[in-house]
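Computation of the quantities below employed the complete heavy-atom set of this structure, encompassing side-chain atoms and omitting hydrogens, waters and symmetry-equivalent molecules. For this chain, numbers begin at 1 and follow the sequence in order.
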Amino acid sequence: MKKLRVLLVDDEIIIREGFKRLFDWEAHGCEVVGEAADGMEALAKIDTLQPDIAIMDINIPIINGLKVIQMARLKHPETAFVIVSGYDDFAYCREALRLQITDYILKPVNYEEFGSCIDNLKIALFQRQAARQEPQQEERPIHSITRYVREHLCEEVSLTVLAEAFHLNPQYISQLFKTEIGVGFLAYLTSIRMERAKQLLLTTSLPITDISVQSGYADYRVFTKVFKKAEGITPSQYRRDFLEKEQ
């Protein structure tokens, strides 16, 4: 998998330097190709560099980050945006969701959390690419495998199960995930299961135990532990926070 090109946008140079020095971009299959300190510069850099990912602060000079994203999307719909902000404000979060921001991370940045965000973003970009695949093209093995995973999410899914289903070596399938998507099989499976869980939490009134099973976790205690590690809060709190903000 080719390295993803990253643009850093923040008016504080210490923040940009922190991202460059404290986060292992190489380990996550990315490279920082440029920086910008204000909204005008950000738009110009997005035009010239065409990054795969833009890490964007909201409170930047001239044009704020949300407006930059809104304008940039007109010309560069494929660019993914991650907001990193000091504002824990639902109005900003809601606008970010409206603009289909990949993630909204608060400062000071937890780089382990940020690494999970980047890995989830790689998965999302892969899914988007797979959805655009021309019907007449021969399907790549990884696309068949990931479709199988999504269709059997509430069942036991492991490298052994996939190997038997596709008559392939488990190690080969494991390598496919790393080379084609840029993340390991377990990281991919967990990410997809968490997305299923969040969708069910926000769009249904199903009990947590049922959501656990539909997301692939027979034991709701394991599900709660994995969810809290991924999202920072329990499934119940995630649903409660959403409902309170909607009122």
Quiz item: If only atom types and distance count, is the side chain of Ser212 paired as donor or acceptor with the main-chain N or O of Tyr217 below 3.5 Å?
Solution: yes
Quiz prompt | Under-4.0 Å salt bridge between Glu31 and Lys3 | solution = no
Quiz item: Closest heavy-atom contact between Lys45 and Ala36?
Solution: CG-CB, 4.4 Å
Quiz item: Does CG belonging to Leu74 count more than 12 external heavy atoms closer than 6.0 Å?
Solution: yes
Quiz prompt | Any side-chain heavy-atom pair of Gln50 and Thr79 under 4.5 Å | solution = no
Self-check item: Exam field: side chain Thr48 to backbone Ala44, donor-acceptor pair closer than 3.5 Å
Solution: yes
Quiz item: Rounded to the nearest 0.5 Å, how far does CG of Leu121 lie from OG of Ser116?
Solution: 12.5 Å
Quiz prompt | Validation row, ring centre Tyr148 to ring centre Phe166 under 6.0 Å | solution = yes
Practice problem: Under the side chain to side chain contact (heavy atoms under 4.5 Å, CB included) rule, what do Met194 and Phe223 come out as? Steps first, then yes or no, please. | Solution: CA-CA 9 Å; Met194 289 301 101; Phe223 166 65; 4.1 Å; yes
Quiz item: Do any N or O atoms from the side chain of Ser85 and from the backbone of Ile58 form a donor-acceptor pair under 3.5 angstrom?
Solution: no
Practice problem: For Leu7 and Leu49, run side chain to side chain contact (heavy atoms under 4.5 Å, CB included): C-alpha distance rounded to whole Å, both residues' side-chain angles, the deciding distance at 0.1 Å, then the answer. | Solution: CA-CA 8 Å; Leu7 174 68; Leu49 298 175; 4.2 Å; yes
Quiz item: Can you name the nearest heavy-atom pair linking Ala27 to Asp24, along with the distance?
Solution: N-OD1, 3.0 Å
Quiz item: Say you draw a straight line from CG of Leu162 to OG of Ser144; how long is it, rounded to the nearest 0.5 Å?
Solution: 11.5 Å
Self-check item: Salt-bridge criterion met for Lys225 and Asp219 (N-O under 4.0 Å)
Solution: no
Quiz item: Linking I/L/V/M/F/W/Y whenever any side-chain heavy atoms sit under 4.5 Å apart, do Val183 and Leu186 land together?
Solution: no
Quiz item: Going through the distances and angles, do Lys198 and Glu231 end up as a side chain to side chain contact (heavy atoms under 4.5 Å, CB included)?
Solution: CA-CA 10 Å; Lys198 287 189 287 185; Glu231 300 298 324; 3.1 Å; yes
Self-check item: Qualifying residue for side chain to side chain contact (heavy atoms under 4.5 Å, CB included) with Phe227, from Leu201, Val222, Thr234
Solution: Leu201
Quiz item: Can you check whether Val9 reaches Val68 side chain to side chain, under 4.5 Å on heavy atoms?
Solution: no
Quiz item: Counting N and O atoms only, with roles assigned by atom type, does the side chain of Arg128 sit under 3.5 Å from a partner on the main chain of Ile123, one being a donor and the other an acceptor?
Solution: no
Quiz item: Are Ile55 and Ile14 in one and the same hydrophobic cluster, where Ile, Leu, Val, Met, Phe, Trp and Tyr link if side-chain heavy atoms are under 4.5 Å apart?
Solution: yes
Exercise. State whether the side chain of Glu41 and the backbone N or O of Ala37 hold a donor-acceptor pair below 3.5 Å, judged by distance alone.
Key: yes
Exercise. Give a yes or no answer on whether the side chain of Lys2 reaches the backbone of Gly29 with a donor-acceptor pair at less than 3.5 Å.
Key: no
Quiz item: Between Leu189 and Leu153, does a side chain to side chain contact (heavy atoms under 4.5 Å, CB included) hold up when you go through it step by step?
Solution: CA-CA 8 Å; Leu189 180 62; Leu153 208 55; 4.0 Å; yes
Quiz prompt | Side chain to side chain, Ile15 and Leu8, heavy atoms closer than 4.5 Å | solution = no
Quiz item: So how far is it from Ile181 CD1 to Lys122 NZ, rounded to the nearest 0.5 Å?
Solution: 10.0 Å
Self-check item: Donor-acceptor contact present, side-chain Asp210 to main-chain Leu206, <3.5 Å
Solution: no
Self-check item: Minimum heavy-atom distance Ile46-Ala72, with the two atoms named
Solution: CD1-CB, 3.9 Å
Quiz item: Rounded to the nearest 0.5 Å, how far does CD of Glu164 lie from OG of Ser158?
Solution: 7.5 Å
Practice problem: Salt-bridge test for Arg16 and Asp57: reply yes if a basic N is under 4.0 Å from a carboxylate O, no otherwise. | Solution: no
Quiz item: Just wondering, do Phe177 and Thr146 contact through their side chains at under 4.5 Å, heavy atoms?
Solution: yes
Practice problem: Report the distance from atom CG of Asp52 to atom NE2 of His76, rounding to the nearest 0.5 Å. | Solution: 12.5 Å
Practice problem: Grab the two heavy atoms, one from Lys67 and one from Asn64, that are nearest each other, plus how far apart they are. | Solution: N-OD1, 2.9 Å
Quiz item: Within a radius of less than 6.0 Å around CD of Glu156, do more than 12 heavy atoms belonging to other residues, nucleotides or ligands occur?
Solution: no
Quiz item: Does Glu151 CD have over 12 foreign heavy atoms under 6.0 Å away?
Solution: yes
Quiz item: Out of curiosity, does Tyr220 fall in the hydrophobic cluster containing Leu200 (side-chain heavy atoms, cut-off under 4.5 Å, transitive links)?
Solution: no
Exercise. Kindly say whether Asp47 contributes a backbone atom to a donor-acceptor pair with the side chain of Lys75 at under 3.5 angstrom?
Key: no
Quiz item: Do you reckon Val213 sits in the same ILVMFWY cluster as Val157, going by side-chain contacts under 4.5 Å, direct or chained?
Solution: no
Quiz item: Are Ile63 and Leu43 close enough that some pair of their side-chain heavy atoms sits under 4.5 Å apart?
Solution: yes
Quiz prompt | Pairwise side-chain contact, Pro235 with Arg239, heavy-atom cut-off 4.5 Å (strictly under) | solution = no
Practice problem: Please tell me if the side chains of Lys20 and Glu35 come closer than 4.5 Å, counting only heavy atoms from C-beta onward. | Solution: yes
Quiz item: Are Arg150 and Gln127 close enough that a side-chain donor and a side-chain acceptor fall under 3.5 Å?
Solution: yes
Exercise. Find out whether Phe19 and Asp10 are in side-chain contact, i.e. whether some heavy atom of one side chain is under 4.5 Å from a heavy atom of the other.
Key: no
Quiz prompt | Euclidean distance, Tyr172 OH relative to Ile145 CD1, rounded to 0.5 Å | solution = 7.5 Å
Quiz item: So if you build clusters from Ile, Leu, Val, Met, Phe, Trp, Tyr with side-chain heavy-atom gaps below 4.5 Å, do Val32 and Ile13 land together?
Solution: no
Quiz item: Looking only at atom types and distance, does a side-chain atom of Arg196 sit under 3.5 Å from a main-chain N or O of Gly216, one as donor and one as acceptor?
Solution: no
Quiz item: Is a side-chain donor or acceptor of Thr203 paired with a backbone partner of Gln199 at a separation under 3.5 angstrom?
Solution: yes
Exercise. Could you please spell out the steps behind the ring pair (Phe, Tyr, Trp, His ring centres under 6.0 Å) verdict for Phe114 and Trp25?
Key: CA-CA 11 Å; Phe114 183 72; Trp25 295 100; 5.7 Å; yes
Quiz item: Between Ala80 and Leu125, which heavy-atom pair has the shortest distance, and what is it?
Solution: CB-CD2, 4.4 Å
Quiz item: Hey, which of Ile118, Val6, Val109 is the one that makes side chain to side chain contact (heavy atoms under 4.5 Å, CB included) with Phe23?
Solution: Ile118
